[in-house]
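What follows is a set of notes on a single structure, which appears directly below.
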Amino acid sequence: ELKESYLRSFLNITQALADETRLRIILALSHQELCVCQIISLLELAPSTISTHLSLLAKAGIVEKRKLGKWAYYRLATEDGTPVVKTALSWVCKALGGTGKVKKDLSRLKKLLLKSVDETCLETKTRYRLGRE
C-alpha cells in the first residue's frame, strides 16, 4: 500500500509537470539559477502567471527559492530534492531538452543573460508597471 505522504508528493510532482509553461521553466532552470525577472522576460508572461507557476513547482519540491537583496532566485532541486524529484527532472530534461520551443527558449536565454539581472529586472518592472517589492 502506498503511504499517503508519498502519494501526495507524487501527485504534486505530476501536477507540476502537466503544464507547458512549467516545463519550460524547468528546462530554463536546468541550465542555471535564474531571477524571477529573468524567467518573466524569457517567457514573456505576466509576473502573476510566473509566480503561480513557480509556487506550484516549489510545492512539488521541484524548485528552490533564495532571496538575494531585493531579488528572488530559483534553481532546480537537483541536490536537495527527493529521489522522485531527481528522477522526474532527469526525465524531463532528457525527453524535452532538444525540442523546438526549448531550443528557442535557450537561444533567448543566452541573449538575456548578456544583460545584468538589475537591467532585466528594471525592464520587467517597467514593462509590467510593477510597484516596489
Side-chain angles (χ1 to χ4, degrees):
E1 183 175 322
L2 289 173
K3 288 185 178 180
E4 186 65 30
S5 62
Y6 182 80
L7 180 58
R8 176 62 37 211
S9 174
F10 184 81
L11 290 172
N12 286 339
I13 292 166
T14 56
Q15 177 186 11
L17 298 178
D19 180 86
E20 180 181 335
T21 299
R22 290 191 290 274
L23 291 171
R24 290 173 67 199
I25 291 170
I26 289 169
L27 291 162
L29 292 173
S30 72
H31 295 280
Q32 73 179 69
E33 177 181 73
L34 295 171
C35 177
V36 172
C37 293
Q38 291 171 310
I39 298 169
I40 292 167
S41 183
L42 173 67
L43 300 181
E44 297 179 321
L45 293 171
S48 59
T49 301
I50 295 298
S51 178
T52 299
H53 286 299
L54 288 168
S55 291
L56 282 168
L57 289 169
K59 178 181 176 186
I62 293 173
V63 299
E64 297 170 341
K65 175 183 175 180
R66 74 176 176 95
K67 291 284 282 179
L68 183 62
K70 56 186 172 178
W71 310 131
Y73 288 83
Y74 284 84
R75 66 179 176 92
L76 294 182
T78 51
E79 293 177 22
D80 300 327
T82 66
V84 176
V85 166
K86 291 177 185 181
T87 300
L89 289 173
S90 175
W91 177 64
V92 166
C93 292
K94 286 179 185 172
L96 301 175
T99 59
K101 192 171 272 192
V102 173
K103 286 182 180 179
K104 287 180 184 176
D105 283 350
L106 182 56
S107 177
R108 286 177 43 83
L109 181 59
K110 286 180 182 177
K111 291 176 186 170
L112 182 64
L113 292 174
L114 295 174
K115 298 178 190 176
S116 72
V117 172
D118 287 339
E119 184 179 354
T120 300
C121 290
L122 180 60
E123 289 172 1
T124 301
K125 283 184 171 216
T126 301
R127 180 175 185 184
Y128 293 100
R129 301 172 202 257
L130 299 175
R132 295 189 65 158
E133 295 179 26

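These numbers come from the heavy atoms of this one structure, side chains and all, not from hydrogens, waters or symmetry mates.
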Quick one: list whatever passes salt bridge (charged side-chain N to carboxylate O under 4.0 Å, His left out) with Lys101, sequence neighbours left out.
Glu20

Taking atom CG of Asp19 and atom CZ of Arg24, what is their separation to the nearest 0.5 Å?
10.0 Å

Please name all residues satisfying side chain to side chain contact (heavy atoms under 4.5 Å, CB included) with Thr14, sequence neighbours left out, ordered by chain then number.
Phe10, Leu11

Close side-chain approach of Lys65 to Leu54, heavy-atom, < 4.5 Å
no

State the CH2-CG distance between Trp91 and Leu17, to the nearest 0.5 angstrom.
7.0 Å

Check salt bridge (charged side-chain N to carboxylate O under 4.0 Å, His left out) between Arg108 and all other residues, then give those that pass, not counting sequence neighbours.
Glu44

What one should report as the nearest heavy-atom pair of Gly98 and Lys103 is O-CE, 3.1 Å

Please tabulate, for side-chain N and O atoms in residues 25-39, each donor-acceptor pair with protein atoms closer than 3.5 Å (sequence neighbours left out).
residue	atom	partner	partner atom	Å
Ser30	OG	Leu27	O	2.6
Glu33	OE1	Arg66	NE	3.2
Glu33	OE1	Arg66	NH2	2.6
Glu33	OE2	Arg66	NE	2.8
Gln38	OE1	Cys35	N	2.8

Note: Gly61 and Ala77 closest approach over all heavy atoms is O-CB, 3.2 Å

As an exercise, state the distance from CG of Leu7 to CG of Asn12, rounded to the nearest 0.5 Å.
9.5 Å

When hydrophobic residues are tied together by side-chain contacts of less than 4.5 Å, even through go-betweens, does Leu42 share a cluster with Ile40?
yes

Side-chain donor-acceptor contacts of residues 110-121 below 3.5 Å, not counting sequence neighbours, with atom names and distances?
residue	atom	partner	partner atom	Å
Lys115	NZ	Glu123	OE1	2.7
Lys115	NZ	Glu123	OE2	3.4
Ser116	OG	Glu119	N	3.0
Asp118	OD1	Trp71	NE1	2.9
Thr120	OG1	Ser116	O	3.3

Is there a path from Val63 to Leu56 through hydrophobic residues (I, L, V, M, F, W, Y) whose side chains come within less than 4.5 Å of each other?
no

Heavy atoms only: give me the nearest Val85-Ala60 pair and the separation to one decimal.
CG2-O, 3.7 Å

May I ask whether Ile50 and Leu122 are part of the same hydrophobic cluster, defined by side-chain heavy atoms of I, L, V, M, F, W, Y residues being less than 4.5 angstrom apart, directly or through others?
no

Just by distance, do the side chain of Tyr73 and the backbone of Glu64 share a donor-acceptor pair under 3.5 Å?
no

Kindly state each residue pair satisfying side chain to side chain donor-acceptor pair (under 3.5 Å) with at least one member in residues 46-57, sequence neighbours excluded.
Arg22-His53

Value rounded to 0.5 Å, distance of CD1 in Ile62 from OG1 in Thr78:
12.0 Å

